Structures are given as C-alpha cells and as structure tokens.
Amino acid sequence: MTAYRPPHIAASEITPERFFLNRRTFLATAVGGLVLGGATAARAAVLQALPSPYKLDEAMTPEEDVTSYNNYYEFGTGKGDPSANSGSFKPSPWTVKVDGMVGRPKEFGLEELLTFPLEERTYRMRCVEAWSMVIPWIGFPLAALLDKVEPLGSAKYVAFETVVRPEEMPGQAGYFQPLEWPYREGLRLDEARHPLTILSVGLYGRTLPNQNGAPIRLVVPWKYGFKGIKSIVRISLTETPPPCTWNLVAPNEYGFYANVNPAVDHPRWSQATENRIGEGGFFGANRRDTLPFNGYGDDVASLYAGMDLKANF
Ligand code: MTE
C-alpha cells in the first residue's frame, strides 16, 4: 500500500521530510491494520505530529479517562457506552464531502485529509455537564480545509454532519432513539476559521479511538464539548445559521454559540465550577473555577465584541 500524495506537489514541499516519513508509516499502519483486523488495529496506529505552541501548564487527563468517559449517543447514552459499543465501527475507508457556498466543492478522502500538516495541541475541554479534561489532540486547522474549497463571499456559517450507520452504531438502531440523526453542529464562519479550531484525527499520539470520533472530528476548545461533532462526513458552507442537534432538542438549554461562560448557568445547574476528570471528587475540594471562554478569552473574545453573551449563549 503506498501513501496518497497529491500528484502535482512533492511531499518535501508540504512538510519536513521526517514528518512525511512518519505520516507514511501511519497510513501504512492504519489502513493496513483495518484490512487485517478492524477498529482495534486502527486505534493502535501511531500518528506523529509536529509540535505546536498550543500547550498548557496543566496535567493532562489520563488517556484511559479520555477514552472511556465519553458522550457519543450513536453508541448509547451512558458514559461507558461509546467505548463498549463502538468496536464494530469502521472508520476507514472514509470521505468528507465539503459543499454548499463554495467555489470548489470537493469530497476529501481520509488519506488526503492526512496530508494536511498535523500538529499536537493540548487543549482544555469543558463539557456542558460541568466536567473538564485536558487532551493532547492531533489535528490541523479547519481553516486549511476551508481554504481548499474557496468559500464564497455570501457564506456566513459552516454546518457539520456525523455519519449515519445504524448497522455499526447501536444507538441509531434500537427502539429508543435519543436524538434525531445525523448529529449536526454549526459554527459561524469566523469561528470556523479561527486558528484554535481544528479537525482532529488523533489523541495521545495515536489515531482517534472510535469512541472519540474516529476518523475525524471537530475540536473548538472555547466552546462546550457538544459543539465537537464526531465522525464527520459532511461540511457545508451556508448563508444562514445551520440546525444544531442539542439546540434543536432544547433551545433554552443549549444555544447556538455554546461558548463556555461561568456567568451563564444552564437552567438546571451552575456553570461556575467544574470537575476535572481523573482528579476525583465531583463535589469536593478538586472542583475548580470555570474560566470565561474556557481560558481562551485572549484569543477569541474579540469574535463576540458588542454581543450580549447572556442572550447569545
Ligand atoms: N458527536 C456526535 N456525533 N454524537 C454525540 O453524541 N456528543 C458531544 C460531542 N460530539 C456527541 C458528539 C458531546 S455532548 C461531547 S461532551 C463531546 O462530543 C465529547 O467528546 P469526547 O467523548 O471525545 O470527550
């Protein structure tokens, strides 16, 4: 199996040679592993990435917590369901269709997506349920992908959709359907283009486990975790705000923006503090204060200048 390479660009022009070799190794391992044995083999694939300035002076959440305490309703509503029920999910082959208000709509194969220079970025993540983690993601800026399709001047928003595969996702197959599928999310175009916004293809030095959204998911660290849509198959540029799953379910509880904001409580609980997973003590001394924009205010507050963040929660 040879790695995909855009025909007109030498690999050495895209990334340093060392990195390119590592990525080739990844492709051979990941794709070969899938042929041989399914999701477990893909999860084991080492995914090397360039270092980035996005680091935190905080302890990382243990990998076993990151991969066993999940929200992914396509595999069940319990925190342990995604890791328990996603073993038959096939993250390869995979394509992401990018369409809508763009000059060059295109369907990207997974191998082409992996030719974007990958970086390791350690981000603080905050779930709307008032728990948080620190996760070393591997990914690339969403802006890099958007540049390739040339958004039209009229495009104002970006809509995302998760795959629908009831045969591989038991949460989509049973009698009880907790959500309407596909899971959908959306960002304003300037949020989508912000350098902090990435499409992630890995964590902790390996390809994404199925329960974390393999093979590719969104990560927006200043927003509540539900914006981080998993297993993306379609990205569409739109003129009007796209429908978002949790906003449709309960618009008074989950806004379109979903910026982490300790000053705006969820109608049923406070958002002022959070429990860092892996540190123990949900109600105890380990609870820490939640930061505006999850601590990324210096980078992103200007995106919302002049907006009432209580009304636009
Ligand atoms: N994406 C899909 N397709 N389905 C989901 O149920 N849950 C969201 C988000 N993305 C979800 C999803 C929620 S509520 C959270 S908190 C994050 O995924 C959790 O990501 P993690 O399990 O990798 O921590």
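Positions are given from 1, in the same order as the sequence printed here. Everything numeric in this text was worked out from a predicted model, so none of it was measured. Start at 1 and go down the list; that is how both ligands and their atoms are numbered.
Distance from atom 8 (C) of ligand 1 to its nearest protein heavy atom, with residue and atom name: Tyr183 OH, 3.4 Å.
At least one N or O atom of Gly228 sits closer than 3.5 Å to an N or O atom of ligand 1. For the pair Trp131 and ligand 1, the shortest N or O to N or O distance does not fall below 3.5 Å. Any N or O atom pair closer than 3.5 Å counts here, and Gln211 shares no such pair with ligand 1. Remark: ligand 1 and Trp246 share no N or O pair separated by less than 3.5 Å (distance only, no angle test). Checked by distance only, ligand 1 and Asn71 come closer than 3.5 Å through their nitrogen or oxygen atoms.
Salt-bridge annotation for Glu279 and Arg276: absent, with no side-chain N of the basic residue lying under 4.0 Å from a carboxylate O of the acidic one. A salt bridge between Glu112 and Lys106 is present, with a side-chain N of the basic residue lying under 4.0 Å from a carboxylate O of the acidic one. Contact check on Glu161 versus Arg184 returns a salt bridge, with a Lys/Arg side-chain nitrogen under 4.0 Å from an Asp/Glu carboxylate oxygen.
In this model, a donor atom of one side chain and an acceptor atom of the other lie less than 3.5 Å apart for Asn71 and Lys79.
With a heavy-atom cut-off of 4.0 Å, Lys227 does not touch ligand 1 at all. When non-hydrogen atoms are compared, ligand 1 lies under 4.0 Å from the side chain of Thr162 (C-beta onward) but not from its backbone. The proximity of Phe226 to ligand 1, defined as any non-hydrogen pair under 4.0 Å, involves the side chain as well as the backbone. Neither the backbone nor the side chain of Glu129 has any atom closer than 4.0 Å to an atom of ligand 1 (non-hydrogen atoms only).
Side-chain atoms of Ser92 never come within 3.5 Å of backbone atoms of Trp94 as a donor-acceptor pair (strictly under, hydrogens ignored).
The residue from Tyr254, Phe226, Trp246 that alone fulfils the ring pair (Phe, Tyr, Trp, His ring centres under 6.0 Å) condition with His266 is Tyr254.
Heavy-atom distances between Ser231 and ligand 1 stay at or above 4.0 Å for every pair.
For residues 249-265, every residue pair satisfying the salt bridge (charged side-chain N to carboxylate O under 4.0 Å, His left out) rule, not counting sequence neighbours, is listed here: Glu253-Arg268.
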